[in-house]
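Throughout, a chain's letter reflects where its sequence line sits, starting with A, and its residues are numbered from 1.
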There are 2 protein chains.
Amino acid sequence: MNHTYQYPRAALTVDCVVFGFDDGSGALQVLLIRRGIAPFKDHWALPGGFVRVEETLDEAARRELAEETNLSTVFLEQLYTFGTVDRDPRERVVSVAYYALTKPADHTTAASTDAAEASWFPVSDVPPLAFDHATILDTALARLRGKLRYEPIGFELLPPKFTLTQLQRLYESVLGTEIDKRNFRKKVLGHELLIPLKETHRDGPHRPAQLFRFDPEKYERLKKKGFLFEL
Amino acid sequence: MNHTYQYPRAALTVDCVVFGFDDGSGALQVLLIRRGIAPFKDHWALPGGFVRVEETLDEAARRELAEETNLSTVFLEQLYTFGTVDRDPRERVVSVAYYALTKPADHTTAASTDAAEASWFPVSDVPPLAFDHATILDTALARLRGKLRYEPIGFELLPPKFTLTQLQRLYESVLGTEIDKRNFRKKVLGHELLIPLKETHRDGPHRPAQLFRFDPEKYERLKKKGFLFEL
DNA sequence: CCAAAAGTGTTCAGGCTACACCCATGT
DNA sequence: ACATGGGTGTAGCCTGAACACTTTTGG
């Protein structure tokens, strides 16, 4: 076969499930855009769009993220590819879904291309979504929960400097469980991947909290030696 | 946007990493086909092909598997989507990779469409592969190893009736570790997901081995109650 | 009777769980 | 001084790892 394949082709898109964590409410959030165009005009949807022939899938995901939400330099990982025949009413569209984790500082969102509006919603209370985006969101949530247990990705949802209580609230919120404070601290400090800073976090009429930062280099070194992060 | 998207489109394929376990050699195997057409004519490659507009991705994977290898009713799960720009020399091709697990009884392979020849290779000793199929195979192996630990998919690689020793050899081979016989049996029987049969497996000048079968219904019930399989 | 794999229990150490009080600060 | 969240240690339990001999069969 030296000629190219000429049968009708599916269109290819990427969709991104962007997670953020709001320390105030302690709730996990998703970034949604309100569609400015048909189909599903004015419905909420995941940011995404068509893949160009000259860009990789990862590039397409980052580009769409930048265009529609002004986010960059976030944790981004491929999730799953959704390819049922009727997921888009216009024609056959296969979508490679990604999920992204953003730190609160990056939450400077502003809509632009294709998106009339962008906004954060708590994952426990999202509006009806366009296409099969509810399924994609569920898949992303399941993946996030699974991954949080055995890989240190929770830090991607927190500011660079954070307290142990913030980290614990994040775990509790995402996993939907209550965790014992002492046990949590013992375990997470036991890994020796958190560096205590000289600063503290002042926040109201009580003792200030120690700030930490995650040490990604040390984690990489340990990982190569067969180390396994957990909880 | 009421018109369809008209920019140049990537072609979409599925590729399948088919694993089998050879109890004789105790080695994990992959099914490869020798390509009958360019590019990479006469090279070994993963079975796969173009996705048709009227079929889902899962259907496309099953169809290609049936066409190229005569396999059906196997465990099949989406793996990852590979979309670098130059992975196919002809044009832009995005490939949704699947991995499949087959029981030895299903190994009645015979090549047909597009494939000049189909053959099993031990994963530790595969020939050079076409396209980026070596990368796909590595990804599939990593996934299989990860999944074997916390989901009962090992049974998909064994005949319906099997001995604990066969199961242990499978785990040892895939995970690349040695496992203590007594501990392994304690753990795996502790789940109470293996049903001891009234039959034994006679195999040479030694005590015959008890045969078991996996109980998928019980597993489904336990899973819904939050049970987690492990090792 | 010999070779070969099947089958079986106990001990020990380390990790996980449960649990309650004092500390530092702002108002 | 009081209200608020930050921070800390221990004891019991359970799980995982290490380890060696008897049993059943075919040749």
Side-chain angles (χ1 to χ4, degrees), chain A residues 21-27 148-150 158-159 161-173 175-213 222 226-231, chain B residues 22-26 148-150 158-159 161-173 175-213 222 226-231:
Chain A
F21 183 67
D22 175 23
D23 200 42
S25 67
L148 199 57
R149 291 215 163 79
Y150 60 92
L158 291 177
K161 303 170 180 182
F162 53 86
T163 70
L164 293 183
T165 301
Q166 286 177 312
L167 186 63
Q168 181 175 349
R169 291 221 196 301
L170 167 64
Y171 271 81
E172 289 179 332
S173 171
L175 300 178
T177 59
E178 293 221 332
I179 307 176
D180 179 85
K181 189 174 24 163
R182 281 177 284 196
N183 294 338
F184 180 80
R185 293 161 105 92
K186 236 180 301 169
K187 196 160 184 181
V188 78
L189 291 176
H191 295 127
E192 303 209 314
L193 288 169
L194 296 191
I195 302 174
L197 302 176
K198 296 209 162 37
E199 301 167 67
T200 54
H201 179 71
R202 290 198 158 64
D203 173 46
H206 54 81
R207 181 169 174 177
Q210 173 73 248
L211 283 167
F212 293 84
R213 68 174 186 85
L222 288 175
F227 167 79
L228 190 65
F229 184 86
E230 235 188 52
L231 196 128
Chain B
D22 175 24
D23 198 43
S25 68
L148 199 57
R149 290 214 163 79
Y150 60 92
L158 291 176
K161 302 170 179 181
F162 52 86
T163 69
L164 293 184
T165 301
Q166 287 176 311
L167 186 64
Q168 182 175 347
R169 291 221 196 301
L170 167 64
Y171 271 80
E172 289 179 333
S173 171
L175 300 178
T177 59
E178 292 220 334
I179 306 176
D180 179 86
K181 187 170 31 160
R182 281 176 285 194
N183 293 338
F184 180 79
R185 292 161 107 91
K186 237 181 299 170
K187 196 160 184 181
V188 78
L189 291 176
H191 294 127
E192 304 210 312
L193 288 169
L194 296 191
I195 302 174
L197 303 175
K198 296 210 161 32
E199 302 167 68
T200 55
H201 179 71
R202 290 198 157 65
D203 173 46
H206 54 81
R207 181 170 174 175
Q210 173 71 247
L211 283 167
F212 293 85
R213 70 175 185 84
L222 287 175
F227 167 79
L228 190 66
F229 184 86
E230 235 189 53
L231 196 133

inquiry  = Looking at B/Arg169, I'd like to know if its CZ atom is crowded, meaning that more than 12 non-hydrogen atoms belonging to other residues, nucleotides or ligands lie closer than 6.0 Å.
reply    = no
ask   = Rounded to whole angstroms, how far apart are CD on A/Glu178 and P on C/dT17?
value = 14 Å
ask   = How long is the line joining CG of B/Asp203 and P of D/dG27, in whole Å?
value = 11 Å
Separation of C/dG7 P from B/Gln168 CD (nearest whole Å) = 11 Å
key: Whole-Å gap separating C1' (C/dA6) and CZ (B/Phe184)   = 14 Å
query = To the nearest angstrom, how far is A/His206 atom NE2 from C/dC22 atom P?
reply = 20 Å
query = Which pairs pass salt bridge (charged side-chain N to carboxylate O under 4.0 Å, His left out) with one or both residues in residues 175-184 of chain A, sequence neighbours excluded?
reply = none
message = Among A/Thr177, A/Ile179, A/Val188, which residue satisfies the side chain to side chain contact (heavy atoms under 4.5 Å, CB included) criterion with A/Tyr171?
response = A/Ile179
query = Just by protein heavy atoms under 4.0 Å, how would nucleotides 10-19 of chain D read 5' to 3' in B, S and -?
reply = B-----SBBB
ask   = Under 4.0 Å between a side-chain N or O of A/Thr165 and OP1 or OP2 of D/dG6?
value = yes
task = May I ask you to decide whether A/Glu199 forms a salt bridge with A/Lys161, counting only side-chain N to carboxylate O separations under 4.0 Å?
result = yes
Euclidean distance, atom CG of residue B/Leu167 to atom P of C/dA6 [Å, nearest integer] = 13 Å
query = Hey, does B/Leu170 have a side-chain heavy atom less than 4.5 Å from the side chain of B/Leu158?
reply = yes
task = Specify the residue among A/Lys181 and A/Gly204 whose closest nucleotide of DNA chain C lies further upstream toward the 5′ end.
result = A/Lys181
ask   = In whole angstroms, how far is the C1' atom of C/dA5 from the NE2 atom of B/His201?
value = 11 Å
query = Could you state the CZ-P distance from A/Arg207 to C/dT25, rounded to the nearest angstrom?
reply = 8 Å
query = For the atom pair CG (A/Leu197) and CZ (A/Phe212), what is the distance rounded to the nearest 0.5 Å?
reply = 8.0 Å
